[in-house]
Amino acid sequence: MYLLPGKLGLLSLLTLVSTMVVASGTYQEPEDFLSQAFAGDVPEPGIIWLTGERKDAVKSLLGHRYHSLRIRYWKTAERSAWILDEIGKDQPITTGLVINAGRLEQIKVLVFRESRGWEIRHPFFTEQFKQARLNESRELDRNIDGISGATLSVRAMKKLAALALYLDAELRAFDVSSSP
Amino acid sequence: MSRHHRRKQRLKLRSFYVWHRYMGISAAVFTLVIAATGILLNHTEDFQFDSKHVQSDWVLDWYGIKAPQDMHSFLAGDRYITLMGEHLYLNRREVEGGYRQMVGAILNKDIFVVAVSDSIILLTLRGELIDRLQRSDGIPAGILRIGTDAGGAVIVQTSLDHYQPDADFLHWSRWDNDPASVRWATPSPLDPRLKSALQHHFRGEVLPVERVILDLHSGRFFGQLGPWVFDAAAVLLILLSLSGTWIWLKRRR
């Protein structure tokens with residue numbers, strides 16, 4: 001079928017708009033993510049307080065302090081799951097992460113609220129994080145390729161990966177449940 | 001070419017030059033505004049104009065920005081917890097995040113517990129956000145009131161029942177004691193000085209500096225006629241460039 005340039009333009013515009021509408025939103029409810037991560041048997045949540053040196057360490061990882069003073073986690077013997085938020089440009093990106101024996105097993109965008117950068121939810125991007133861990137400088141031990149046009153979202157995901165790995169290490173090293 | 005004709009040509013050029021000069025003077029102010037704001041707009045991110053907000057009262061008045069008169073405030077301990085628009089304040093300190101529909105607030109040991117936006121907010125005495133608990137975190141749905149029992153423990157009332165959290169607010173269980181023993185949080189009129197300070201703070205969070213620079217650049221800052229005046233200034237600049245070139249070419253001959 002022959003499409004006039006005007007119609008083609010309109011079609012492209014509609015495709016773009018529909019992509020943007022679909023792009024932001026809830027991809028998976030946090031409770032569904034946890035249920036999937038623990039095969040339906042979700043452990044009781046625990047709490048890690050971001051106080052003292054831990055607060056400073058988190059600030060150094062994120063470049064700013066975390067929005068709350070305590071974070072919930074779900075933990076079995078070797079695995080821990082986290083639901084964390086980090087702002088991409090203006091809005092928080094809610095992300096689910098699973099750590100297994102100090103290595104990142106899964107990272108998944110659960111709720112994306114920004115108008116740009118939603119490409120980070122695709123497996124071609126998140127697969128890069130698999131088996132990542134923190135080096136001695138508390139940085140990811142591998143290079144994560146960025147996505148053109150999604151720089152801030154990519155940066156947010158890298159920060160969250162490092163944060164979850166750091167918090168998991170803290171869980172295994174210290175008693176983290178004491179409040180300030 | 002006769003002497004008379006050359007004189008006529010000189011007069012014509014002088015007249016054109018005078019017009020050129022007046023156009024230049026008229027366009028100068030606009031050129032300065034457009035050029036200065038244009039430079040600033042090129043560096044919006046460097047100067048964080050998109051995240052900084054205008055504090056000037058007269059500019060905020062000019063834009064007609066008013067703080068909401070409708071505020072919900074609860075006195076918890078000796079501090080006011082106030083919801084104004086979507087902003088939540090502990091005394092004068094704004095709590096991170098956006099909120100709506102505050103049900104109540106209490107002081108429980110050293111933690112402020114606020115029922116707002118179908119969630120429970122925990123704050124330190126300094127107003128730092130400890131946690132924001134939502135339905136998915138197990139809090140009861142449809143909280144109508146929040147208070148403390150005779151022992152100081154937190155109780156919430158929903159349309160169905162009364163509930164009590166554990167020490168970490170992670171688990172909630174039904175509370176079957178006498179509701180008459182609960183001291184429920186009730187709205188409290190805000191101290192006038194605090195109200196005025198919060199209204200001032202609210203107004204100072206609304207208008208990004210970038211918006212004002214953009215409006216100055218386009219002329220919208222000066223009202224409905226502003227863009228037309230700036231369009232006229234742009235036409236003057238075009239004419240200036242043409243007349244300037246023409247004068248330069250004539251003088252070379």
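Sequence lines set the chain letters: A, B, ... in the order given, protein chains first and strands last, and positions in each chain run from 1.
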Taking all heavy atoms of I130(B) and all of S68(A), pick out the closest pair and write down the distance. O-CB, 3.2 Å
Report yes if the side chains of K89(A) and D50(B) come closer than 4.5 Å at any heavy-atom pair, otherwise no. yes
Please output the residues of residues 79-108 of chain B in contact with chain A, using a heavy-atom cutoff of under 4.5 Å, in numerical order. R93(B), E96(B)
Using non-hydrogen atoms and a 4.5 Å limit, figure out which bit of E44(A) sits close to chain B: side chain, backbone, both or neither. side chain
Nearest heavy atoms of L133(B) and R70(A), plus distance in Å: CD2-NH2, 4.0 Å
Return yes when atom CZ of R103(A) has more than 12 non-hydrogen atoms of other residues, nucleotides or ligands closer than 6.0 Å, and no otherwise. yes
Tell me, yes or no, whether the heavy-atom count around W62(B) atom CH2, taken from other residues, nucleotides or ligands under 6.0 Å, exceeds 12. no
For chain A, which residues of residues 176-187 of chain B have at least one non-hydrogen atom nearer than 4.5 Å to it? none
Please report the C-alpha distance between R132(B) and D85(A) in whole Å, then the side-chain angles of each, then the deciding distance to 0.1 Å, and finally whether the side-chain contact (heavy atoms from CB on, under 4.5 Å) criterion is met. CA-CA 12 Å; R132(B) 182 172 183 167; D85(A) 288 329; over 6 Å; no
Answer key: most heavy-atom pairs under 4.5 Å with chain A among D131(B), D137(B), L170(B) is D131(B)
More than 12 foreign heavy atoms under 6.0 Å from CD of Q224(B): is that the case here? no
If you count heavy atoms of other groups shown closer than 6.0 angstrom to CZ of R116(A), is the number above 12? no
Do R135(B) and E31(A) sit within salt-bridge range, that is, some charged N less than 4.0 Å from a carboxylate O? no
Contact part of D110(B) toward chain A, heavy-atom cut-off under 4.5 Å: side chain, backbone, both or neither? neither
Under the side-chain contact (heavy atoms from CB on, under 4.5 Å) rule, what do T124(B) and L69(A) come out as? Steps first, then yes or no, please. CA-CA 9 Å; T124(B) 66; L69(A) 281 180; 3.4 Å; yes
